[in-house]
Colleague: 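Below you will find the structure I want to go over with you.
Remember, it's a predicted structure, so these values are computed and weren't measured experimentally. Each ligand, and each atom within it, is numbered from 1 in the order the structure gives.
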Amino acid sequence: MGISIAGVAPELHPDFVAEVTGIDLRRPPSPDDVAAIEAGMDRFALLVFRNQPIDDDQQVIFARSFGPLEQATGDLAQGAERRLRMELNDISNVNLDGTVMARDDRKRLFGLGNLLWHSDSSFKANPAKYSMLSARVLPARDGNTEFADMRAAYDALPEEERANLHDLVCEHTQIHSRGVLGFTDFTEEERIRFAPVRQRLIRRHPVTGRLSLYLSSHAGAIEGWPVPEARALLRDLTEHATQRAFVYVHRWQPHDLVIWDNRTTMHRARRYDPTEKRDLRRTTLEGDGPTVLQTH
Ligand code: OGA
Ligand code: MN
């Protein structure tokens with residue numbers, strides 16, 4: 001049996017979210033599987049795979065079939081402090097010894113940045129293509145992930161506004177997104193590692209040619225603009241882009257794997273009981289170059 005890809009809630013999100021069946025992610029995907037998933041990602045922007053009880057090796061092998069993986073250089077935990085290898089972003093509240101992080105744990109507080117709408121690795125000069133998030137342990141309730149369709153958000157802007165935004169370039173850094181929540185506790189080494197990068201505000205998808213708003217909590221400035229005016233615009237656009245009509249809420253089940261295209265979507269985590277364990281692991285596909293090199 002081959003892969004099937006069927007839209008989820010097609011009346012709400014006709015070309016945004018789909019569920020994939022007919023594949024076992026514990027085995028390396030065939031070239032046909034990879035092509036079908038890539039076509040699904042281009043047609044939709046988010047694919048859900050249910051009941052995929054994979055381990056870290058299987059997740060990395062599956063992800064690598066789509067191209068080179070990012071290294072988790074944006075995580076706070078590096079070296080001996082890491083729980084997972086560098087090909088896996090640790091999206092959990094779990095310590096090295098398996099216990100749940102203390103409420104005031106520095107890595108936990110940094111990780112709360114995921115509660116803000118963002119696109120993964122927009123703080124890297126070559127930002128992420130796909131993210132693949134595998135749910136290993138979930139709290140009894142809450143902790144959903146919400147996704148916003150940035151193509152639909154772009155399309156819904158008045159034409160004149162689209163033209164005004166077209167050539168703007170923003171500065172993205174994790175120092176900004178964490179600062180929004182009052183987290184300023186960075187080391188000198190982290191301030192250097194997290195230096196701002198430039199990103200276009202409007203991106204064109206390389207396959208479909210569709211334009212998207214490229215927003216992220218990491219964006220704290222627009223080149224050539226006064227900072228308060230830039231932040232006010234970015235807030236306004238984020239409010240526009242995250243209206244319920246453009247949002248899909250993913251309610252996690254154990255062993256779900258969700259793939260999203262960071263070039264055309266934003267997402268955010270939702271709060272959950274901090275005394276409960278939540279362990280998700282992310283593999284991330286490298287992008288194909290800086291967005292500021294886009295020509296059109
Ligand atoms: C991520 C992320 C949100 C969540 O994995 O990149 O932002 O709900 N996750 O954990
Ligand atoms: Mn994320």
Colleague: Are a donor atom and an acceptor atom from the side chains of T208 and R210 found within less than 3.5 Å of each other?
Modeller: no
Colleague: Could you tell me if Q59 and R136 have a donor-acceptor pair between their side chains, going purely by distance under 3.5 Å?
Modeller: yes
Colleague: State the atoms of ligand 1, each with its element, that fall below the 4.0 Å cut-off from a heavy-atom position in L133.
Modeller: 5 (O), 9 (N)
Colleague: If you check every N/O/S atom of D120, which is the one nearest the Mn ion (ligand 2)?
Modeller: OD1
Colleague: If only side-chain N and O atoms count, and only distance matters, is there a donor-acceptor pair under 3.5 Å linking H218 with T173?
Modeller: no
Colleague: At under 4.0 Å between heavy atoms, is it the side chain or the backbone of H118 that contacts ligand 1, or both, or neither?
Modeller: side chain
Colleague: Does any donor atom in the side chain of S121 or E70 lie under 3.5 Å from an acceptor atom in the other side chain?
Modeller: yes
Colleague: Checking H118 against H267: is there a side-chain donor and acceptor pair closer than 3.5 Å?
Modeller: yes
Colleague: Is a side-chain donor-acceptor pair under 3.5 Å present for D261 with H205?
Modeller: yes
Colleague: Any nitrogen or oxygen of R268, side chain or backbone, less than 3.5 Å from one on ligand 1?
Modeller: no
Colleague: Between R270 and ligand 1, is there a nitrogen or oxygen pair with a distance under 3.5 Å?
Modeller: no
Colleague: Please report whether ligand 1 has a polar contact with R282, defined as an N or O pair separated by less than 3.5 Å (distance criterion only).
Modeller: yes
Colleague: Can you tell me if R278 has a non-hydrogen atom under 4.0 Å from ligand 1?
Modeller: yes
Colleague: Looking only at protein heavy atoms, identify the closest one to atom 4 (C) of ligand 1 and say how far it is in Å.
Modeller: A269 CB, 3.3 Å
Colleague: Find all atoms of ligand 1 within a distance of less than 4.0 Å from any non-hydrogen atom belonging to I91, and give their numbers and elements.
Modeller: 1 (C), 5 (O), 9 (N), 10 (O)
Colleague: Answer yes if the side chains of R103 and T275 hold a donor-acceptor pair under 3.5 Å, and no otherwise.
Modeller: no
Colleague: Write the atom name of the N, O or S atom in H118 that is nearest the Mn ion (ligand 2).
Modeller: NE2
Colleague: With the Mn ion (ligand 2) as the reference point, give the N/O/S atom of H267 that is nearest.
Modeller: NE2
Colleague: According to the interplanar angle, ranging from 0 to 90°, do the rings of H13 and Y248 count as parallel (below 30°), tilted (30 to 60°) or perpendicular (above 60°)?
Modeller: perpendicular
Colleague: What is the closest protein heavy atom to atom 8 (O) of ligand 1, and at what distance does it sit?
Modeller: T145 OG1, 2.6 Å
Colleague: Short N/O distance, under 3.5 Å, between W260 and ligand 1?
Modeller: no
Colleague: Could you list which atoms of ligand 1 come closer than 4.0 Å to a heavy atom of H267?
Modeller: 1 (C), 2 (C), 6 (O), 7 (O)
Colleague: Can a donor-acceptor pair be found between the side chains of S30 and D32 at a distance below 3.5 Å?
Modeller: no
Colleague: Do you see a donor-acceptor pair shorter than 3.5 Å between the side chains of K124 and T73?
Modeller: yes
Colleague: Numbering the atoms of ligand 1 from 1, which are under 4.0 Å from a heavy atom of D120?
Modeller: 6 (O)
Colleague: Could you check whether any heavy atom of L280 sits closer than 4.0 Å to an atom of ligand 1, since that is the contact criterion I want to use?
Modeller: no
